[in-house]
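Everything numeric in this text was worked out from a predicted model, so none of it was measured.
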Amino acid sequence: MSERIPDTLLSHDAPLLPGERVQHEWRADSSAYWRNHGIMALAGGVVAGGILAVMGNPHPWVGPVAAALAIGVRAAYLASEILSQRWRLTDRRLLGPGGRAIRRGDIQTARPFLGDVQVITHAGDKHLMKYMADAETVITALLSGKGSR
């Protein structure tokens, strides 16, 4: 599990309401983050190399190298920001990065989505909990108290 980040650094999170209690907290998982980026680099490299080969480029190996470098640099640049994000499930709401707050009663469903967790509200809003270490555990927790306050 990742190192605990002081709450003062997470001021972009929605604050708790009086009497609200946190039941679960999930942070972006670094192994899931790097695994997903590795898969993207591999897929991007195959596509880029294939396109260059079809176009008749004499050096199609440049595509996979460029794709891996581009995705690797992007992943490294964003890692500290993404891996500091957290989601908190309270007795009343699901609180996410950027001040997101979803009433528990508004959650219609939660489902796995390419290794992440997609939360869908009754209004049709969709929220993506990215890079969760164990999506099934998150989904179970989200749906266990559906309809609370």
Side-chain angles (χ1 to χ4, degrees), residues 1-52 62-149:
M1 182 155 214
S2 63
E3 182 177 306
R4 178 127 175 98
I5 297 168
D7 288 337
T8 55
L9 298 178
L10 299 168
S11 60
H12 58 278
D13 288 346
L16 293 176
L17 298 173
E20 190 172 21
R21 293 181 323 274
V22 174
Q23 296 177 333
H24 298 279
E25 181 177 305
W26 302 282
R27 294 183 184 275
D29 180 61
S30 63
S31 59
Y33 178 79
W34 290 109
R35 181 181 54 249
N36 285 5
H37 280 82
I39 291 168
M40 284 191 293
L42 181 64
V46 168
V47 169
I51 289 172
L52 290 175
V62 172
V65 171
L69 283 172
I71 291 171
V73 167
R74 177 194 179 276
Y77 181 75
L78 294 176
S80 63
E81 179 182 341
I82 299 298
L83 295 175
S84 71
Q85 293 181 349
R86 71 176 176 173
W87 289 84
R88 295 176 293 162
L89 183 65
T90 73
D91 53 341
R92 302 177 194 175
R93 303 177 295 164
L94 173 63
L95 305 172
R100 289 187 192 117
I102 307 161
R103 284 185 343 108
R104 285 186 79 168
D106 290 344
I107 297 173
Q108 179 179 2
T109 192
R111 61 183 176 207
F113 182 76
L114 301 174
D116 299 330
V117 175
Q118 183 181 44
V119 178
I120 303 173
T121 67
H122 291 292
D125 297 328
K126 295 178 182 162
H127 303 271
L128 192 60
M129 299 173 71
K130 295 181 181 179
Y131 312 114
M132 296 290 106
D134 185 4
E136 289 304 321
T137 301
V138 173
I139 291 168
T140 300
L142 289 172
L143 299 180
S144 67
K146 228 168 76 166
S148 303
R149 288 193 227 182

Under 3.5 Å, side-chain donor or acceptor atoms of residues 31-40 against the rest of the protein: list the pairs with distances, not counting sequence neighbours.
{"from": "S31", "atom 1": "OG", "to": "D29", "atom 2": "OD2", "distance (Å)": "2.5"}
{"from": "Y33", "atom 1": "OH", "to": "A75", "atom 2": "O", "distance (Å)": "2.7"}
{"from": "Y33", "atom 1": "OH", "to": "A79", "atom 2": "N", "distance (Å)": "3.4"}
{"from": "H37", "atom 1": "ND1", "to": "Y33", "atom 2": "O", "distance (Å)": "2.9"}
{"from": "H37", "atom 1": "NE2", "to": "R74", "atom 2": "NH1", "distance (Å)": "3.1"}

**Request:** Could you walk me through whether Y131 and Q85 pass the side chain to side chain contact (heavy atoms under 4.5 Å, CB included) test, one step at a time?
**Result:** CA-CA 10 Å; Y131 312 114; Q85 293 181 349; over 6 Å; no
Straight-line distance of [X] [atom1] to [Y] [atom2], nearest 0.5 Å:
| X | Y | atom1 | atom2 | result |
| --- | --- | --- | --- | --- |
| L78 | L83 | CG | CG | 10.0 Å |
| R111 | L142 | CZ | CG | 13.5 Å |
| I102 | L89 | CD1 | CG | 10.0 Å |
| K130 | F113 | NZ | CZ | 10.5 Å |
| M129 | I139 | CE | CD1 | 9.5 Å |

**Request:** Report the residues that fulfil salt bridge (charged side-chain N to carboxylate O under 4.0 Å, His left out) with R93, sequence neighbours left out, ordered by chain and then residue number.
**Result:**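 Salt bridge (charged side-chain N to carboxylate O under 4.0 Å, His left out) check on R93 returns E20.
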**Message:** Salt bridge or not between D91 and R21? Use side-chain N to carboxylate O under 4.0 Å.
**Reply:**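 Looking at D91 and R21, the cut-off is met.
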**Asked** Just one of V119, D106, T121 clears the side-chain contact (heavy atoms from CB on, under 4.5 Å) bar with L94, so which one?
**Response**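 Output: one option passes, namely V119.
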**Message:** Please enumerate all residues that pass side-chain hydrogen bond (donor to acceptor under 3.5 Å, both in side chains) together with D134, with sequence neighbours excluded.
**Reply:**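 D134 satisfies side-chain hydrogen bond (donor to acceptor under 3.5 Å, both in side chains) with T137 once adjacent residues are dropped.
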**Prompt:** Looking at residues at least two apart in the chain, or sitting in another chain, which of them share a side chain to side chain contact (heavy atoms under 4.5 Å, CB included) with V22?
**Reply:**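 Expected list: L16, R88, T90.
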**Request:** For V47, enumerate each residue passing the side chain to side chain contact (heavy atoms under 4.5 Å, CB included) test, keeping only those at least two apart in sequence or located in another chain.
**Result:**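 With sequence neighbours excluded, V47 shows a side chain to side chain contact (heavy atoms under 4.5 Å, CB included) to I51, given in chain and number order.
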Taking all atoms of both residues into account, what is the closest heavy-atom pair of [X] and [Y], and its distance?
| X | Y | value |
| --- | --- | --- |
| A141 | W26 | CB-CZ2, 3.7 Å |
| P64 | G49 | CD-CA, 3.8 Å |
| L52 | G63 | CD1-N, 3.5 Å |
| A67 | G45 | CB-N, 3.6 Å |

**Prompt:** Side chains of R104 and S144: closer than 4.5 Å at any heavy-atom pair?
**Reply:**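 Yes, close enough: below the 4.5 Å cut-off.
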